[in-house]
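Below, read A as the first sequence line, B as the second, and so on, with proteins coming before strands; counting in each chain starts at 1. In this text, all values refer to a predicted model and were calculated from it rather than measured experimentally.
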Protein chains: 2
Amino acid sequence: MDELRRHIEKIVSLTEDEFIAVKSFFTEKQFKKHRFLIQEGGNATNEFFILKGLVKLYYTNAEGKDHILQFAAEDWWVTDYNAFFNQAAATLNLDCLEDTTVLSISFDGRERLCAEFPKMQYFFLKKSNSGYVALQRRILSLLDGTAAERYAQFRLLYPGLVNRVPKTLLAAYLGVSRETLSRLA
Amino acid sequence: MDELRRHIEKIVSLTEDEFIAVKSFFTEKQFKKHRFLIQEGGNATNEFFILKGLVKLYYTNAEGKDHILQFAAEDWWVTDYNAFFNQAAATLNLDCLEDTTVLSISFDGRERLCAEFPKMQYFFLKKSNSGYVALQRRILSLLDGTAAERYAQFRLLYPGLVNRVPKTLLAAYLGVSRETLSRLA
DNA sequence: GGCCTGATGTGATACAGGTCACAATAAATA
DNA sequence: TATTTATTGTGACCTGTATCACATCAGGCC
């Protein structure tokens, strides 16, 4: 739970009492490797903060091909945000690459948390803003970069993930075939 | 200015007095076609709300090739968000495809506006959240779709822009060459 | 230990889309 | 009105990646 506090305090500071109140909105949960946190067609009523482990968020297209939107390891937030914010059915899948421990917060919980603590609303705003910028960067690398450049960029940006994620999945994140990535590596 | 109020009130409601206070944070500005609102290397101290007109936000790579991150017409917000949020030098360009009127707000202004009106912070949070989801969707269409599919999707999503933006620029947005787009149309 | 499944490498071949080149309008601007 | 400067189309050719097909090797599990 301390991870959450350290994480939040990178942006806003909290008193002891405030943090106790904040953390009451979260529930700790454990998932084994291969378990789903969200499945297409199901609900996505929770957002997850990863305490330990590694998950992948992905879309499976009509031909059964997966495209990975995000990996999330320690200190990352993840959910099917479209489904979460709009309280709609999930179109994405989220499952564990490793045994994973998360803190879970419901949509309503998050709304109440933000209403009660403007600081936390500020925190989520800053997070959302930097997430937006990160996605813009990724779009640019898809528009501008070659497969090799995107791979190099990924290694720079997420050195810790490169040797933790199988190449097949890295390929599904980068938008390259497994075989092509293998020829680059 | 009424456009701004209508736009905000889709998410939070404001009293007359509140709106008067809110709008004092904005300045109206006019730009002619081809004028730059932001240039690479310059500053991006302002965020713009488009009242009238059309702009493009783009990145120019080392070979001089442009990649369009965003078009923004009436009721859209736009800036180089990386530079804006981090108070850093711009890496993107923003210029006018048509004569354009905007409401401009500075970074500091926006921070004070959010601090003073939690409602407005909530507004910006919701906007950022849906922006994030929209970029995820675009990433998926870059990962999954063929050029023709992306074009079809764009027409569905932004029917009003298709005949307002030259095909050359649409191609730079979709990540296809001008020639290929022409053969699809 | 032995078996199965997932991860990775590599060759052969196919194709979507890029690049280059030229032409014809349409639209700004002097 | 005249003169550039954008915009769009289209042919010819090239190339980065996808696909398909095997082969190998490591790790988890019975």
Student: Calculate the interatomic distance between B:Arg183 atom CZ and C:dT19 atom P; express it in whole Å.
Tutor: 12 Å
Student: Specify the separation, in whole Å, of atom CZ of B:Arg150 and atom P of C:dG17.
Tutor: 7 Å
Student: Give the rounded distance in Å between these two atoms: CG of B:Leu97 and C1' of C:dA28.
Tutor: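 Distance check: B:Leu97 CG to C:dA28 C1' gives 15 Å.
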Student: What's touching nucleotides 5-8 of chain D from the protein side, N or O pairs under 3.5 Å?
Tutor:
unit_1 : atom_1 : unit_2   : atom_2 : d
D:dT8  : OP2    : B:Lys167 : N      : 2.5
D:dT8  : OP2    : B:Thr168 : N      : 3.3

Student: With under 30° as parallel and over 60° as perpendicular, where do the rings of A:Phe154 and A:Tyr158 fit, or are they tilted in between?
Tutor: tilted
Student: Touch check for B:Lys65, heavy atoms < 4.0 angstrom, all strands: base, sugar-phosphate only, or nothing?
Tutor: sugar-phosphate
Student: Evaluate the ring planes of A:Phe48 and A:Phe31, with Trp represented by its six-membered ring, and classify them as parallel (under 30°), tilted (30 to 60°) or perpendicular (over 60°).
Tutor: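 Rings of A:Phe48 and A:Phe31: perpendicular, over 60°.
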Student: Could you tell me whether the side chains of A:Glu111 and B:Tyr122 share a donor-acceptor contact shorter than 3.5 Å?
Tutor: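 Yes, a side-chain donor-acceptor pair sits under 3.5 Å.
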Student: Report whether B:Phe123 and B:Tyr132 are members of the same hydrophobic cluster (ILVMFWY, side-chain heavy atoms less than 4.5 Å apart, transitive linking).
Tutor: yes
Student: How many whole angstroms separate atom CG of B:Leu181 from atom C1' of C:dT19?
Tutor: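 My rounded result for the distance is 16 Å.
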Student: Quick check on the hydrophobic clustering: are B:Ile139 and A:Leu143 connected, directly or via other members, by side-chain heavy-atom contacts under 4.5 Å?
Tutor: yes
Student: Nearest whole Å is fine: how far is C:dG9 P from A:Leu170 CG?
Tutor: 12 Å
Student: Between P on D:dA18 and CG on B:Leu143, what's the gap in Å once rounded to a whole number?
Tutor: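 After rounding, the gap between these two atoms is 11 Å.
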Student: Taking for each residue the nucleotide of DNA chain D bearing the nearest heavy atom, is the 5' side occupied by A:Gly145 or by B:Glu179?
Tutor: B:Glu179
Student: Regarding B:Glu116 and B:Arg112, does a basic nitrogen lie under 4.0 Å from an acidic carboxylate oxygen?
Tutor: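 The answer is no: the pair does not qualify as a salt bridge.
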Student: Which residue, B:His34 or B:Gly175, contacts DNA chain C at a nucleotide closer to its 5' end, judged by nearest heavy atom?
Tutor: B:Gly175
Student: Under a 4.0 Å N-O cut-off, is there an ion pair linking A:Lys23 with A:Glu28?
Tutor: no
Student: I'd like to know if A:Arg5 pairs up with A:Glu16 as an ion pair, taking the criterion as any Lys NZ or Arg NE/NH1/NH2 lying under 4.0 Å from an Asp or Glu carboxylate oxygen.
Tutor: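 Looking at A:Arg5 and A:Glu16, the cut-off is met.
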Student: With hydrophobic residues grouped by side-chain heavy-atom distances under 4.5 Å, do A:Leu37 and A:Phe49 end up in a single group?
Tutor: yes
Student: Whole angstroms only, please: what is the CG-P distance between B:Leu184 and C:dA16?
Tutor: 11 Å
Student: So if I take residues 155-164 of chain A and measure heavy-atom distances to DNA chain C, which residues fall below 4.0 Å?
Tutor: none
Student: Between atom NZ in A:Lys33 and atom P in D:dG27, what is the gap in whole Å?
Tutor: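 Rounding to the nearest Å, NZ of A:Lys33 and P of D:dG27 are 11 Å apart.
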Student: What nucleotide, of C:dG18, D:dT17, C:dG11, holds the atom closest to the side chain of B:Thr180?
Tutor: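 Nucleotide nearest to B:Thr180's side chain: C:dG18.
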